[in-house]
Amino acid sequence: MAKGCDNPYKTARKAAGLTQDRAAMLLNVSVDSLRDYESNLRPVPNDVAAAMCDAYDAQYLAIAHLRMTSIGRQAIPGFKLRDLPEAVLNLLHAVQQFVDKNQMIIRITADGIISSSEQKEWDNILMLAENLQSALMSVKYADVGGERR
C-alpha cells in the first residue's frame, strides 16, 4: 500500500500499481480530471468512484468515498488501512476495551433508561463500540500478503 498519501483515491491507485495515465484510461476520464480528484481540487463523481473501486480492486474505497462526499461521515465510521497483524492486534485491543465495560453496560441499560448521571459513561461506551467497528473494518480491508482484501 502507498503510505503517506492523504487522498484515498491516489493511495488506492498507487497500491494497484497504476500510473495516472493508465488509471485515467481505465476509468474513462481525462488525466487532468484524475489529477484534480487526487489533489482534492474536484469532487469525484459517484460513478467514477465506483469505477475506481473495480479498476483498483479496492472495495474499501467505496467507504472512503461515501465518508468524503455525503452524510456518510455521520453514519459510517472511519478506519485506517493497516497490515493484517497490526489490524488484528488493534481489533483485539478494541474488543478487550469493550468487554471490560460489560458490567457497566448491564448496569446502565438494565432499567431501560440512561439517566443524566449515566450519560457520560454511556457516551464513552458508545465511543468504544465505534472504535470496535472501525477496528473490524481495518481487519476486513487489511493488507494480506501485499494485497487488500
Side-chain angles (χ1 to χ4, degrees), residues 1-102 104-105 108-109 114 116 118-149:
M1 150 140 175
K3 303 251 189 233
C5 294
D6 291 336
N7 183 289
Y9 308 107
K10 183 176 183 178
T11 299
R13 176 184 57 77
K14 286 186 167 197
L18 297 172
T19 65
Q20 281 186 331
D21 288 336
R22 178 72 178 137
M25 187 184 81
L26 291 171
L27 301 171
N28 199 28
V29 299
S30 71
V31 175
D32 288 340
S33 291
L34 184 58
R35 187 175 302 114
D36 287 352
Y37 300 150
E38 292 184 355
S39 300
N40 298 318
L41 297 175
R42 289 176 45 190
V44 179
N46 291 336
D47 61 327
V48 174
M52 287 176 172
C53 291
D54 293 337
Y56 304 162
D57 192 24
Q59 299 312 305
Y60 67 87
L61 192 54
I63 295 166
H65 177 74
L66 288 173
R67 285 188 46 81
M68 292 173 61
T69 60
S70 69
I71 62 169
R73 186 180 298 89
Q74 296 170 333
I76 302 169
F79 65 95
K80 287 178 72 174
L81 293 175
R82 302 173 186 264
D83 294 333
L84 184 61
E86 181 185 7
V88 169
L89 289 173
N90 188 55
L91 174 61
L92 292 174
H93 178 70
V95 167
Q96 189 59 54
Q97 285 185 313
F98 190 77
V99 168
D100 287 348
K101 294 292 184 176
N102 186 32
M104 184 63 69
I105 292 168
I108 291 173
T109 61
I114 299 173
S116 58
E118 297 169 327
Q119 188 63 53
K120 184 175 180 181
E121 185 63 36
W122 184 247
D123 290 343
N124 183 44
I125 290 166
L126 292 178
M127 183 188 72
L128 291 174
E130 287 179 14
N131 290 345
L132 181 57
Q133 190 173 11
S134 294
L136 184 58
M137 295 297 286
S138 290
V139 169
K140 181 175 182 174
Y141 296 111
D143 189 349
V144 180
E147 294 184 15
R148 293 263 165 237
R149 298 185 323 135

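- Here the straight-line distance linking atom CG of Leu132 with atom CG of Leu126 works out to 12.0 Å at 0.5 Å rounding.
- Ring geometry for Phe79 against Tyr141 counts as parallel: the plane angle stays under 30°, on a 0 to 90° scale with 60° as the upper cut.
- Taking both residues in full, the closest heavy atoms of Ala23 and Arg13 are given as CB-CD, 3.6 Å, listed atom of the first, atom of the second, then distance.
- Heavy atoms only, all atoms of each residue included: Thr69 and Asn46 are closest at OG1-OD1, 4.4 Å.
- Distance check, rounded to the nearest 0.5 Å: CE of Met127 to CD of Gln97 gives 7.5 Å.
- We find the CG-CG distance between Leu26 and Leu18 to be 6.0 Å, quoted to the nearest 0.5 Å.
- A salt bridge links Arg35 with Asp32; the closest basic N to acidic carboxylate O contact falls under 4.0 Å.
- Atom CG of Asp54 and atom CG of Leu27 lie 9.5 Å apart (nearest 0.5 Å).
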*side chain to side chain contact (heavy atoms under 4.5 Å, CB included) between Tyr9 and His65, intermediate numbers included*: CA-CA 8 Å; Tyr9 308 107; His65 177 74; 2.7 Å; yes
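- Evaluation of the salt bridge (charged side-chain N to carboxylate O under 4.0 Å, His left out) rule for Arg22 yields no partner, not counting sequence neighbours.
- The ring-ring contact (aromatic ring centres under 6.0 Å, His included) contacts involving residues 19-50 comprise nothing, where partners must be two or more places apart or lie in separate chains.
- Closest approach of Gln59 to Cys53, counting heavy atoms only: NE2-O, 3.3 Å.
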*Under the side chain to side chain contact (heavy atoms under 4.5 Å, CB included) rule, what do Phe98 and Ile105 come out as? Steps first, then yes or no, please.*
CA-CA 9 Å; Phe98 190 77; Ile105 292 168; 3.7 Å; yes
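- Pairing each heavy atom of Ala12 with each of Leu61, the nearest pair is CB-CD2, 3.9 Å.
- Around atom CG of Asp123, more than 12 heavy atoms belonging to other residues, nucleotides or ligands sit under 6.0 Å away.
- Under the 3.5 Å distance criterion, the side-chain polar atoms of Ser138 are matched with a main-chain donor or acceptor of Lys80.
- Summarising the geometry of Asn40 relative to Met68, their closest heavy-atom pair is OD1-CE, 4.4 Å, with the distance given to 0.1 Å.
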*Would Leu34 and Met52 count as a side chain to side chain contact (heavy atoms under 4.5 Å, CB included) if you check the C-alpha gap in whole Å, the side-chain angles of each, and the deciding distance to 0.1 Å?*
CA-CA 10 Å; Leu34 184 58; Met52 287 176 172; 3.7 Å; yes
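- Atoms CH2 and CD1, from Trp122 and Ile108 in turn, are 6.5 Å apart once rounded to the nearest 0.5 Å.
- In terms of heavy atoms, Asn90 sits closest to Ala135 at ND2-CB, 3.6 Å.
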*List the steps, then state whether side chain to side chain contact (heavy atoms under 4.5 Å, CB included) holds for Asn124 with Glu121.*
CA-CA 5 Å; Asn124 183 44; Glu121 185 63 36; 3.7 Å; yes
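- The distance from the CG atom of Leu91 to the NZ atom of Lys140 is 13.5 Å, given to the nearest 0.5 Å.
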